[in-house]
Amino acid sequence: MTVRVRFAPSPTGHLHIGGARTAIYNWAFARNLGGTFVLRIEDTDPERSTQENTDAIVRAMEFLGLDYDEGPGVGGDYGPYFQTQRFDRYAEGLEELKASGHAYPCFCSAEELAAKRDTGRAKGGFAGYDRTCRSVDAENAAARVAAGEPHVWRLKVPEDRGDIVFDDAVRGETVFSADSVDDFVLARTDGSPTYNFAVVMDDADMLITHVIRGDDHLSNTPKQMLVFEALDLPVPTFAHLSMIWGADGKRLSKRHGATSVEAYRDLGYLPEAIMNYLALLGWSLDGETTIIDAETLKANFSLDRISKNAAIFDVEKLEWMNGVYIRELSAEQFLVRMVPWLEAAGLTTVEEAEARSEWLLRLAPLVSERIKRMDEIVPMVAFLFRDVTPSEAAVAKTLAKDGARAALVAASAALADVDWDAASIEAVLREVPAQLELKPKVVFQAIRVAVTGELVSPPIFESLELLGRETTLARLADAGALCGE
RNA sequence: GGCCCGUUCGUCUAGCGGUUAGGACACCGCCCUCUCAAGGCGGAGAUCACGGGUUCGAAUCCCGUACGGGCUACCA
């Protein structure tokens, strides 16, 4: 039997880091076994669900390279893939449960229920529904329903049902005693299905074989199993993933900074790095591997190596990993990803970038070697695109020092008619410190600040080559005004 | 309150009865060096939450306790 899994986010926000990890695990599991990966949108909460969020989730999935076989935009044989388009199915399912005697109407008011809950809890135990309306006889119940009395439909948990046991693929055998599950609501007063009912209908209709989801659903599992059983449908295998926390051990939230995949993209993180980091946050190949590409992940992923304990999201490690992936890019690959950042900063246009691709290709490796996030590109290369003004602090540390003026003068002279390539530039500039009896660092830092405006920049000889002789000499001359003496 | 889940260096993890408890990030030195990175070498860092068992032997198995988390809605 072929495996079918689903990722089922609510479009109440963008794709969250935790959701992304759940999606990755589902995807990797399906791909590993040649199964089917379904994307289903759980949009039954009209207050908070938006089309914009659905689009954002789909975009984030694409960004990460999580291709799905069925779902919004791609269709499939078991759709529709939006819960709001499946209400007729939920109604059919409910009719089935009514007919088979697994569902009964409950006329208790919200106030009554709250009171029962409180007393149940006060007595120190079960706080679920007390099953009052179970004892309303069928005829009477039918009459009240027909008369239009407000009611919900509840699941009738079988009297003789023993412990509810399932073998969670992550946590192992998990047991809930039957009396800890109450006759929960399947359909609300307005007829709409509750989550625990809709999910079962969907998973059943979509022939889902493995439900891989956050462990906030662990306690929902026995309820859902009872619905599968009432419907006389096979119960899928469950795998519950522990949560991802912020650095303080609390639920990951805005307080911790970026929480959505798109936010990390905008911060300059590569999809490969996000995928790799998340994949290993709660799953391991062998305990040694820290860099793993999508292909290797797909080839080796298994549920039994998912860890049971919650993990803290460590941005520092993600950042390191992002740097690894950036350095792995070829000049051509880096160029493609760099241009949008230059463009967004107004340093160049797509047309200009194309016209100067050979020049940008030389710049690419100088930058990719020394950044961890793509957003670091702009401040590092801005001096190549526009005029610079060194900060006072930079001037104080370099140009204002003894010998700086002489260094700039000597550099200008040396560069006046040398061949304009990094090697030649280096050859003549290397002689300057000795000539002036200055430390190399003093000379090169003075040139760096004069030309780039910064204390930190790409290697100086290559930088000059890329800048061009004319601009270089002009900036060296201008910087004379900033020197001491 | 009830039910359920979790607990190995600061962080992510390996370990599935016998290991000097391994790796990665972060951290600290040294080397390289025109800055910053990268890289190389080395270092520090875990009484495996705690307490009982079982066993010749337990981070690994069992039972408690503590702490953390989830569910307990006509939210998902």
Side-chain angles (χ1 to χ4, degrees), chain A residues 8-10 12 42-45 47-49 83 106 108 110 113-114 117 120-128 150-154 168 170-171 174-177 179-182 184-190 192-196 198-199 214-223 240 242-243 245 247 249-251 277 280-291 305 307-314 316-321 323-324 327 367-372 376 380 398 426 429-430 433 439-449 452 454-461 463:
Chain A
S10 291
T12 54
E42 308 209 325
D43 56 350
T44 50
D45 183 346
E47 306 285 300
R48 299 184 297 156
S49 300
Q83 287 190 323
C106 169
C108 296
L113 293 173
R117 218 170 11 246
R121 191 170 296 195
K123 276 190 284 183
F126 189 64
H151 63 281
V152 299
W153 287 89
R154 291 182 179 274
D168 190 282
V170 172
R171 335 197 85 98
T174 306
V175 183
F176 289 82
S177 74
D179 53 1
S180 71
V181 180
D182 71 335
F184 66 98
V185 174
L186 297 167
R188 305 183 182 102
T189 305
D190 66 1
S192 64
T194 59
Y195 168 76
N196 281 314
V199 169
D215 83 359
D216 45 340
H217 290 297
L218 193 59
S219 303
N220 287 325
T221 305
K223 294 179 184 176
H240 287 98
S242 52
M243 318 242 71
W245 289 340
K250 298 275 169 54
R251 225 189 166 103
Y277 179 70
L280 258 30
L281 191 66
W283 178 83
S284 65
L285 175 62
D286 51 17
E288 306 284 294
T289 305
T290 51
I291 299 297
R305 289 194 66 84
S307 67
K308 298 175 175 65
N309 46 317
I312 289 175
F313 186 81
D314 181 7
E316 302 244 332
K317 190 158 185 176
L318 203 213
E319 192 162 289
W320 163 80
M321 204 171 267
V324 171
R327 272 175 259 125
V367 180
S368 66
E369 266 174 41
R370 34 184 58 76
I371 61 171
K372 289 198 174 81
E376 294 170 50
M380 189 170 285
T398 57
E426 175 167 7
L429 289 185
R430 286 273 181 207
K439 287 182 179 172
K441 187 172 177 174
V442 171
V443 172
F444 296 129
Q445 280 300 76
I447 296 174
R448 186 187 313 283
V449 170
T452 74
E454 304 286 340
L455 287 163
V456 173
S457 81
I460 196 67
F461 312 118
S463 293

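All chains are named by letter (A, B, ...) in the order of the sequence lines, taking the proteins before the strands, and each is independently numbered beginning at 1.
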Revision key, fill the gap. Using Watson-Crick geometry (N1-N3 plus N6-O4 or O6-N4) or G-U wobble (N1-O2, O6-N3), each under 3.5 Å, U20(B) is paired with none

Check your understanding: A76(B) phosphate, OP1 or OP2: any side-chain N/O from Thr44(A) under 4.0 angstrom?
Key -> yes

Study note, to complete from the structure: Here the pair of heavy atoms bringing Arg305(A) nearest to Ser284(A) is NE-O, 2.9 Å

**Study point:** Lys372(A) (side chain) and A37(B) (base): donor-acceptor pair under 3.5 Å
**Key:** no

Practice item. With heavy atoms under 4.0 Å as the rule, sort Arg327(A) into base, sugar-phosphate or nothing. Key: sugar-phosphate

**Study point:** Heavy-atom donor-acceptor pair, Ser180(A) side chain to Ser177(A) backbone, under 3.5 Å
**Key:** yes

**Study point:** Distance below 4.0 Å between Arg370(A) side-chain N/O and C34(B) OP1 or OP2
**Key:** no

Check your understanding: Base, sugar-phosphate, or nothing: which does Phe461(A) touch, judged by heavy atoms less than 4.0 Å apart?
Key -> base

Exercise for review: Using only side-chain N and O atoms of Asn309(A), determine if any of them is under 4.0 Å from OP1 or OP2 of U8(B).
Suggested key: yes

Study note, to complete from the structure: Under a 3.5 Å limit on both distances, the Watson-Crick or wobble mate of G6(B) is C67(B)

Practice item. Hey, can you tell me if Tyr277(A) and Phe313(A) have their rings parallel, tilted or perpendicular (30° and 60° cut-offs)? Key: perpendicular

Revision key, fill the gap. The Watson-Crick or G-U wobble partner of U33(B), with both key distances under 3.5 Å, is none

Review point. Under 4.0 Å between a side-chain N/O of Arg48(A) and OP1 or OP2 of A76(B), yes or no?
Key: no

Practice item. For Tyr195(A), report the nucleic acid contact type (base, sugar-phosphate, nothing); a contact means any heavy atom under 4.0 Å. Key: base

Practice item. Scan His240(A) against the nucleic acid and name what it touches under 4.0 Å (heavy atoms): base, sugar-phosphate only, or nothing. Key: nothing

Check your understanding: Hey, does Arg171(A) reach any base, or is it just sugar-phosphate, or nothing, if we go heavy atoms under 4.0 Å?
Key -> sugar-phosphate

**Study point:** Given A24(B), C5(B), G69(B), the nucleotide with the shortest approach to the side chain of Lys250(A)
**Key:** G69(B)

**Study point:** Among A76(B), A73(B), G70(B), the one nearest Asp45(A) by side-chain distance
**Key:** A76(B)

Study note, to complete from the structure: Rounded to whole Å, CG of Asn220(A) lies from P of A73(B) at a distance of 11 Å

Check your understanding: Looking only at side chains, do Thr174(A) and His240(A) share a donor and an acceptor under 3.5 Å apart?
Key -> no

Exercise for review: To the nearest 0.5 angstrom, please state how far the CH2 atom of Trp320(A) sits from the CD1 atom of Ile291(A).
Suggested key: 4.0 Å

Check your understanding: Hey, is the main chain of Lys308(A) close enough, under 3.5 Å, to the side chain of Arg171(A) for a donor-acceptor pair?
Key -> yes

Practice item. Check every atom of C34(B), C74(B), G39(B) against the side chain of Arg154(A) and return the nucleotide holding the closest atom. Key: C74(B)

Practice item. From the options A38(B), C34(B), G15(B), select the nucleotide whose nearest atom is closest to the side chain of Pro440(A). Key: C34(B)

Check your understanding: Within the structure shown, what part of the strands sits under 4.0 Å from Val175(A) by heavy-atom distance: base, sugar-phosphate, or nothing?
Key -> sugar-phosphate

Practice item. Please determine, by modelled atom types, if Thr194(A) and Asn196(A) share a side-chain donor-acceptor pair under 3.5 angstrom. Key: no

**Study point:** Upstream residue (5' side of RNA chain B) when Ile460(A) and Ala311(A) are each assigned their closest nucleotide
**Key:** Ala311(A)

Exercise for review: Check whether any side-chain nitrogen or oxygen of Arg251(A) sits under 4.0 Å from OP1 or OP2 of G69(B), and answer yes or no.
Suggested key: no

Exercise for review: With the side chain of Leu218(A) defined as its heavy atoms from C-beta on, choose the nearest nucleotide among G6(B), C5(B), C36(B).
Suggested key: C5(B)

Exercise for review: Give none if A73(B) has no partner; otherwise give the nucleotide forming a Watson-Crick or G-U wobble pair with it, both distances under 3.5 Å.
Suggested key: none

Practice item. Calculate the interatomic distance between Trp320(A) atom CH2 and A37(B) atom P; express it in whole Å. Key: 17 Å

Practice item. Look at the side chain of Met243(A) and decide which nucleotide, out of C34(B), G15(B), G70(B), has an atom nearest to it. Key: G70(B)

**Study point:** Pairing partner of A58(B) (Watson-Crick or G-U wobble, both distances under 3.5 Å)
**Key:** none

Review point. Which nucleotide sits closest to the side chain of Ser457(A): A76(B), A73(B), U35(B)?
Key: U35(B)

Exercise for review: Classify the side chain of Thr189(A) and the base of C74(B) as holding, or not holding, a donor-acceptor pair under 3.5 Å.
Suggested key: yes

Check your understanding: Rounded to whole angstrom units, what separation is found between the NE2 atom of His217(A) and the C1' atom of C3(B)?
Key -> 18 Å

Review point. What integer number of Å spans the P atoms of A37(B) and C25(B)?
Key: 16 Å

Check your understanding: Would you say the side chain of Thr290(A) and the base of G23(B) hold a donor-acceptor pair, judged only by whether the two atoms sit under 3.5 Å apart?
Key -> no

Review point. When we call it a touch if two heavy atoms are under 4.0 Å apart, what does Ser192(A) touch: a base, just sugar-phosphate, or nothing?
Key: nothing

Check your understanding: Considering only G22(B), G10(B), G70(B), which nucleotide approaches the side chain of Glu288(A) most closely?
Key -> G22(B)

Check your understanding: With respect to the side chain of Trp245(A), which nucleotide from G68(B), A73(B), A76(B) is positioned closest?
Key -> G68(B)

Check your understanding: Reckon Gly282(A) touches a base, only the sugar-phosphate, or nothing at all at heavy-atom distances under 4.0 Å?
Key -> sugar-phosphate

**Study point:** pair Asn309(A)-Ser242(A): side-chain heavy atoms closer than 4.5 Å
**Key:** no

Practice item. Remember a base hit wins even if backbone is also touched, and classify Ser307(A) as base, sugar-phosphate or nothing at under 4.0 Å, heavy atoms. Key: sugar-phosphate

**Study point:** Partner nucleotide of G45(B) by Watson-Crick or wobble geometry (both distances under 3.5 Å)
**Key:** none

Review point. If you look at every strand shown and take non-hydrogen atoms under 4.0 Å, does Val152(A) touch a base, only sugar-phosphate, or nothing?
Key: base

Check your understanding: According to a strict under-4.0 Å criterion, is Ser242(A) in side-chain N/O contact with OP1 or OP2 of G6(B)?
Key -> no

Check your understanding: Considering only side-chain heavy atoms of Phe176(A), which listed nucleotide, U35(B), U11(B), C3(B), is closest?
Key -> C3(B)

Practice item. Using atom CZ of Phe313(A) as one end and atom P of U13(B) as the other, report the distance to the nearest whole Å. Key: 13 Å

**Study point:** Residue whose nearest RNA chain B nucleotide is more 5′ - Asp286(A) or Ile371(A)
**Key:** Asp286(A)

Check your understanding: When we call it a touch if two heavy atoms are under 4.0 Å apart, what does Ser10(A) touch: a base, just sugar-phosphate, or nothing?
Key -> sugar-phosphate

Study note, to complete from the structure: Taking a pair to mean Watson-Crick or G-U wobble geometry with both distances below 3.5 Å, A14(B) pairs with none

Check your understanding: Whole Å only: how far is the CG atom of Leu186(A) from the P atom of A73(B)?
Key -> 15 Å

Review point. Is there a side-chain contact between Arg448(A) and Leu455(A), using heavy atoms and a 4.5 Å cut-off?
Key: no

